[in-house]
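Notes to accompany the following structure.
Note that these values count all heavy atoms, side chains included, but never hydrogens, waters or copies made by symmetry.
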Amino acid sequence: MKKFEYPINVTKSFLPPFEEYESVIKQIWNNRWLTNNGPIHMELENEITKYLKVNQSTLFTNGHLALDIAIKSMNLKGEVITTPFTFASTAHAIVSNNLKPVFCDINLKNFTIDVEKIEALITDKTCAIIPVHVFGYPCNVKAIEQIAKKYNLKVIYDAAHVFGVEIDGIGIGNYGDISMFSLHATKVYNSIEGGLLTFKDDTLKDKFNSYKNFGISDYESVKYVGSNAKMNEFQAAMGLVNLRYINEQIINRKIITDIYKSQLKEIEGIYMVEGKANIKHNYAYFPIIIDENKTGISRDELYNKLQQYNVFARKYFYPLITDFDCYKNMYQFNDLYNAKYISDRVLILPLYGDLLHEDVLEIVDIIKHIIQTNKR
């Protein structure tokens, strides 16, 4: 097998035709409005709200600050149940708000929080649940809603991976009290950097806008201890133009996902997540789980050998949050067997809208070759 002449990375940021972006940012030169809720920002916010089929949304400069402010807005105190199988931002936002994360195991079907294990973790100190939609696959939102109502808990979804996902035609951002979306350059849809909160409670709009602007509520009043999390006009312009291409990108990603699935299903010991008919997926990532006992090769060995062919997959999420140096031995947690099992075996293969189909087939052939060679 020959190596690729050029690197095939796990993702590649989508950029629209330059002329389209240029035509939008010309407005910035005309009106000299660079940030602070400019006209492009407001237009993007309106268009995203419609696209996601949600009641309200508010833009931020990045997803982490959006999540941080979502937590602040709820005035939470005590313990927050979340998952260890997520990006560092989820736990950081909880801890930086002086809350204690309580880590719940995940299920083995789509790696989201195991709803059957949540109630056992609820105490009189529990104030909220922050579940994470993983790799574009949504949590069991109905079960989480029932648990939250039963125990009077707030629900803030880390929806970084699920932009555009729908359940039975309902936008994923309608579930819980608040959902946070990441619009980072590596996501299905990007505004260079960016974040977004969706919510139903209209009264939260002014609160969010104040928090992201240093807590300022009017020219002479600072109501909250806020931060600077405003999206600027250049980010908004990229988001506005990229929104024109989001459906096309999702279609392209689906085709690539289908190729992977059709070609990899014949390899014993490689497992993939199955989608559901009632869910409109966005094909954000393509994870595979490697069973070393059947493939004869570990995830780490396959990861390293793929790089020899210029294919750069990603061990994601690895390590678990609970194994980070900054959190190790700081929090008690119950059995996280599933999360540990998946974290040690998951590999994200390259997936982006303009990944050539022949390159996908070549990646699969390389994987087959590596496994077959390793067994000899």
Side-chain angles (χ1 to χ4, degrees), residues 13-70 72-73 159-160 163-164 171-174 178-224 226-250:
S13 300
F14 174 77
L15 287 171
F18 177 75
E19 296 76 15
E20 289 190 41
Y21 183 60
E22 183 182 36
S23 68
V24 176
I25 63 173
K26 277 183 179 178
Q27 298 177 45
I28 303 173
W29 268 261
N30 292 336
N31 59 34
R32 299 301 174 101
W33 199 337
L34 275 68
T35 187
N36 286 42
N37 299 324
I40 303 175
H41 169 283
M42 299 310 293
E43 183 180 359
L44 175 61
E45 197 167 271
N46 182 57
E47 292 301 314
I48 280 183
T49 302
K50 289 189 291 186
Y51 181 80
L52 294 180
K53 300 180 181 179
V54 294
N55 184 52
Q56 291 277 5
S57 72
T58 301
L59 291 165
F60 294 81
T61 191
N62 60 59
H64 177 72
L65 287 175
L67 182 58
D68 176 75
I69 287 171
K72 280 182 170 61
S73 72
F163 189 93
I172 194 72
N174 288 288
I178 306 171
S179 289
M180 180 283 299
F181 296 83
S182 171
L183 313 182
H184 185 265
T186 57
K187 297 298 187 287
V188 172
Y189 164 77
N190 80 81
S191 59
I192 306 173
E193 284 267 8
L196 177 78
L197 294 181
T198 62
F199 48 97
K200 297 183 210 134
D201 184 354
D202 293 343
T203 64
L204 287 174
K205 184 85 170 184
D206 289 341
K207 199 172 189 179
F208 290 150
N209 287 339
S210 178
Y211 263 118
K212 70 180 176 184
N213 188 29
F214 303 100
I216 297 170
S217 54
D218 59 46
Y219 288 114
E220 298 179 353
S221 177
V222 179
K223 194 170 183 179
Y224 308 104
S227 59
N228 184 8
K230 305 182 299 295
M231 176 180 280
N232 64 60
E233 289 290 85
F234 290 90
Q235 288 176 284
M238 181 63 75
L240 195 61
V241 179
N242 278 351
L243 199 59
R244 302 169 188 170
Y245 293 91
I246 179 63
N247 290 334
E248 176 186 318
Q249 286 299 299
I250 289 175

**Asked** Rounded to the nearest 0.5 Å, what separation is found between the CE atom of Met180 and the CD1 atom of Ile69?
**Response** 12.0 Å
**Message:** Testing the basics here: between Gly239 and Tyr189, what is the closest heavy-atom pair and its distance to 0.1 Å?
**Reply:** O-OH, 2.7 Å
**Request:** List for me each residue that meets side-chain contact (heavy atoms from CB on, under 4.5 Å) alongside Tyr51, sequence neighbours excluded, and say none if there are none.
**Result:** Phe163, Leu243, Ile246, Asn247, Ile250, Lys280
**Fill in**
Sorted by chain and residue number, the side-chain contact (heavy atoms from CB on, under 4.5 Å) partners of Asn46 (sequence neighbours excluded) come out as Lys50
**Asked** Has the side chain of Asn242 got a donor or acceptor atom that lies under 3.5 Å from a matching backbone atom of Ser191?
**Response** no
**Prompt:** For Phe181 and Ala159, which heavy atoms make the closest approach, and how far apart are they?
**Reply:** CD2-O, 3.4 Å
**Prompt:** Quick one: do the Asn232 and Lys230 side chains pair a donor with an acceptor below 3.5 Å?
**Reply:** no
**Complete:** Of all heavy-atom pairs linking Ile216 and Val222, the shortest is CG1-CG2, 4.0 Å
**Message:** Looking at Ser13 and Ala185, would you say the former's side chain and the latter's main chain have a donor-acceptor pair under 3.5 Å?
**Reply:** yes
**Separation between CD1 of Ile28 and CD of Glu233, rounded to the nearest 0.5 Å** = 5.5 Å
**Fill in**
Rounded to the nearest 0.5 Å, the CD atom of Glu193 sits from the CZ atom of Phe60 at a distance of 14.5 Å
**Message:** Check whether Ser210 reaches the backbone of Gly215 with its side chain - one donor and one acceptor, N or O, closer than 3.5 Å.
**Reply:** yes
**Request:** Might you point out which heavy atoms bring Ser73 and Tyr211 nearest each other, and give the distance in Å?
**Result:** CA-CE1, 4.1 Å
**Asked** Rounded to the nearest 0.5 Å, how far apart are CG of Leu183 and CD of Gln235?
**Response** 9.0 Å
**Asked** Between Gly164 and Leu52, which heavy-atom pair has the shortest distance, and what is it?
**Response** N-CD2, 3.6 Å
**Asked** Given side chains that start at C-beta, do those of Leu67 and Ile178 come closer than 4.5 Å, heavy atoms only?
**Response** no
**Asked** So how far is it from Arg244 CZ to Glu47 CD, rounded to the nearest 0.5 Å?
**Response** 10.0 Å
**Prompt:** Could you give all pairs that pass the side chain to side chain donor-acceptor pair (under 3.5 Å) test and reach residues 21-45, with sequence neighbours left out?
**Reply:** Glu45-Lys205
**Request:** Dump the intermediate steps for side chain to side chain contact (heavy atoms under 4.5 Å, CB included) on Glu248 and Phe14, then the final yes or no.
**Result:** CA-CA 11 Å; Glu248 176 186 318; Phe14 174 77; 5.7 Å; no
**Asked** At what distance, to the nearest 0.5 angstrom, does OG1 of Thr198 lie from CD1 of Ile172?
**Response** 9.5 Å
**Complete:** Note: Asn55 and Phe199 closest approach over all heavy atoms is CB-O, 3.8 Å
**Message:** Between Val24 and Met238, is there a side-chain heavy-atom distance shorter than 4.5 Å?
**Reply:** no
**Request:** Evaluate the criterion side chain to side chain donor-acceptor pair (under 3.5 Å) for residue pair Thr49 and Ser57; output intermediate values, then yes/no.
**Result:** CA-CA 6 Å; Thr49 302; Ser57 72; 2.6 Å; yes
